[in-house]
Amino acid sequence: MRTNIFLRLIWFSLALAGVSLPMSAYNEETEKLLKELDEMIERPEQWEDMKSYKIIQLHKKEASVRNNEERYEINKKLFEEYSVFNADSAVSYAMRNKEIAKTEGNVEKMILWDINRSFALAVTGLLKESQDIIDSIDLSKLPVNLSPLYFNQLAYLYSHFGQYQGKDRISPSNYYEISKAYRDSTYSHAKASDELYLWYKAWASENREGENLERMKDELRQYVDSSYMTTRKDAMLAYALSNLYKISNDKENQIKYLAISAICDIRTSNKDIASLEELGKLMLEANEIDRAYSYINFCQRQARSFNNRIRSLSLSHVEKEIREYYSERDARQQRTLHAYVVLLSVLSLILIGAVFIIINRNKRLSDSRQSLSEVNDRLKDNIKELTGLREAQEAANLKLHEMNKKLKGMNQRLSDVNIKLKESNHIKEEYVGQMFYICSEYINKIEDFRKEVLRRIKAGQTGELQKEVMSPTMVQAELKEFHHYFDTIFLNIFPDFVKDFNKLFRPEDQIILKDGELLNTSLRIYALVRLGITDSVKIAALLHCSPQTVYNNRLKIRNKSIIPKEEFANRVKTLGKYQSPIDDDSEDGNM
């Protein structure tokens, strides 16, 4: 009892100290993505090395260009690689391509590279310079195919103005509303053939509610889930999808697709990682401080490397919240540590008291065990004696059971012998009586036939007499009558023979008697088998037919049987329940 109280005190103390086990708040797929992201953050160098290698290869090609057309294409590829990796280089290559466009007098290309240069400056936080460039574009000369890119850059620029302003600062202009309006304009000018059409569509206001929102999520999810996630466009669309889940208050999928976008950004060495910053803020809200710190710290390192002033400013606010949390956690841990010291002191005193109690109880327990051991020894001796008696009793019972079993077997065999004797005696009695009657009938018929012969001889009718004697009609009539006598006597003794005999065959092979028939030839043959006469020659003599007829009938019947041929005759000998004379006597007595 005291031990239980001691254990309860320990658990209660741990609860007071705030000991808890961390549990993942995400499903298996999302947690797997977050772990993959954690590992990539620990080793971003390999992805930057791949990026640098690709840029080096492009510079090698740059050294061997032969004309402005080739130089323009190389500059374009280098701008794309540098755009979110090295802003100064991106601006430089945008300027170079504008100069090429200017020498060619191509206004469309000049506007294109002004938009691209505005983007490269906005990424690094040079918002005023970016705005000056985008404002310098003459809208009357803006090609239709560049309208989406133009309005998208304005939306991007004013979104950065909003970030720079901060959510707590008051400004006469609501930059986020302006950015939203430009996004709507972007989508209204976009075509399905545009490379970033899905991006424009995802940010359009008309797709942010009801069925439009669900259809947009399905369309984006289909693209993202089937993509290899190796380009900046892939990362952008995954980020847009996470934003739609944010609107739907689906935090699980928001985190999932932010993680996918961040993984893609790291693979492409994007140093302006909005998705990872957003994910870090969500981790902070979810109280996963270490993960939040890791993500925000990585974003800050990338932003400083990229010289992204706006991103660094935005991240500094999050870092401040994380530092405040860490300070609060350190203070809480300090308080917990003091509580632990006090707790350990109390537990030490309790433990010392418990040791003395346990020693005392162990001594008493040892004495009890000694007494119990002596009682157990006496019980074992008694059990051995009882076991010996039980074994002797079981042996006696076993012998008695075997004797009873043998006696039952002998009784059963005796019962079978008695039944067979009764059956045999009954058959003999029945047939002896009937044979006397038949013989008497035949003697009378012979006497009548003798008198009829003498009468016809005296009357001189020898010709008619000879004709009648030579005719088989009289023999057939007598044979038919003999069969009727046999059938009647046999079925009187074995009334169920025909029904039991048919059970040995399939329904379609069973014997069906004609009207007025008691037995047919096949049944008479096996009736004699039932009486113990199995020799075909004897059966043929008794039934006044040829042995071949008997053999053919037996073979035909046996082949149709559902039981093995070698067992058929023995099975027939057991068929039909005979009419016991004892039963007849009892019935007569009752009458």
Side-chain angles (χ1 to χ4, degrees), residues 416-417 419-439 441-442 445 469-581 583:
D416 294 342
V417 171
I419 290 171
K420 290 180 180 178
L421 285 174
K422 288 177 183 178
E423 179 181 347
S424 178
N425 290 335
H426 180 53
I427 293 170
K428 288 176 182 178
E429 290 172 2
E430 188 73 23
Y431 270 99
V432 167
Q434 292 294 334
M435 286 303 103
F436 274 120
Y437 173 77
I438 292 171
C439 289
E441 284 291 311
Y442 274 109
K445 286 181 180 181
V469 170
M470 291 180 66
S471 174
T473 305
M474 184 174 65
V475 174
Q476 289 175 353
E478 292 300 327
L479 184 60
K480 183 177 180 180
E481 186 175 357
F482 171 73
H483 286 165
H484 178 73
Y485 275 128
F486 175 80
D487 296 348
T488 303
I489 295 169
F490 181 81
L491 291 176
N492 186 42
I493 299 171
F494 301 104
D496 298 326
F497 177 77
V498 176
K499 181 177 68 174
D500 292 345
F501 188 77
N502 273 330
K503 291 179 180 177
L504 303 180
F505 305 91
R506 291 183 292 272
E508 64 270 18
D509 294 328
Q510 293 180 357
I511 297 174
I512 301 175
L513 295 169
K514 299 177 182 178
D515 291 341
E517 277 188 334
L518 298 177
L519 298 175
N520 60 16
T521 301
S522 298
L523 287 170
R524 289 189 192 102
I525 291 170
Y526 279 100
L528 290 171
V529 172
R530 174 66 180 86
L531 294 172
I533 303 170
T534 58
D535 184 65
S536 295
V537 176
K538 291 182 180 180
I539 292 172
L542 288 171
L543 297 181
H544 291 271
C545 60
S546 68
Q548 187 64 39
T549 301
V550 174
Y551 175 79
N552 290 341
N553 268 279
R554 293 182 71 174
L555 181 63
K556 179 180 177 181
I557 293 295
R558 192 169 60 224
N559 286 339
K560 292 181 179 180
S561 174
I562 60 175
I563 63 174
K565 298 177 182 179
E566 59 273 11
E567 298 178 11
F568 186 73
N570 290 331
R571 182 66 69 86
V572 172
K573 291 178 183 179
T574 66
L575 298 179
K577 180 181 179 183
Y578 76 93
Q579 185 67 38
S580 172
D583 296 340

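The structure presented is a predicted model; accordingly, all values stated were derived computationally and were not measured.
- Within a 6.0 Å sphere centred on CZ of Arg558, heavy atoms belonging to other residues, nucleotides or ligands number more than 12.
- Judged purely by atom type and a 3.5 angstrom limit, Tyr551 has no side-chain atom pairing as donor or acceptor with the backbone of Val537.
- Once rounded to the nearest 0.5 Å, the distance linking OH of Tyr526 with OG1 of Thr534 reads 11.0 Å.
- Two residues are said to be in side-chain contact when any heavy atoms from C-beta on lie closer than 4.5 Å; Ile525 and Leu543 meet this criterion.
- Partners of Ser561 under the side chain to side chain contact (heavy atoms under 4.5 Å, CB included) rule, at least two apart in sequence or in another chain, are Leu504, Phe505, Ile563, Phe568.
- Of the candidates Val550, Ile533, Leu523, Ile533 is the only one forming a side chain to side chain contact (heavy atoms under 4.5 Å, CB included) with Leu528.
- To the nearest 0.5 Å, atoms CZ (Arg554) and CG (Asn559) are separated by 12.5 Å.
- Residue-environment remark: CD1 (Ile512) stays at or below the threshold of 12 foreign heavy atoms within 6.0 Å.
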Test log, rule side chain to side chain contact (heavy atoms under 4.5 Å, CB included), inputs Leu575 and Lys503:
CA-CA 10 Å; Leu575 298 179; Lys503 291 179 180 177; over 6 Å; no
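- Ile493 approaches Pro495 most closely through the heavy-atom pair O-CD, 3.3 Å.
- In this structure, the side chains of Asn502 and Ile511 come closer than 4.5 Å at one or more pairs of heavy atoms.
- Not a single donor-acceptor pair under 3.5 Å links the side chain of Asn492 to the backbone N or O of Thr488.
- Considering all non-hydrogen atoms of both residues, Leu518 and Leu513 come closest at O-CD1, 3.2 Å.
- The two atoms that bring Lys560 and Arg506 nearest to each other are O-NH2, 4.5 Å, heavy atoms only.
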Take Gln510 and Phe501, measure what side chain to side chain contact (heavy atoms under 4.5 Å, CB included) needs, and give me the verdict at the end.
CA-CA 9 Å; Gln510 293 180 357; Phe501 188 77; over 6 Å; no
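- Aromatic ring pairs are classed by plane angle as parallel below 30°, tilted from 30° to 60° and perpendicular above 60°; the pair Phe486 and Phe490 is parallel.
- Rounded to the nearest 0.5 angstrom, Asn552 CG and Ser546 OG are separated by 7.5 Å.
- At least one side-chain heavy atom of Val529 sits under 4.5 Å from a side-chain heavy atom of Ile539.
- Checked by atom type and distance alone, the side chain of Glu517 pairs as donor or acceptor with a backbone atom of Lys514 at under 3.5 Å.
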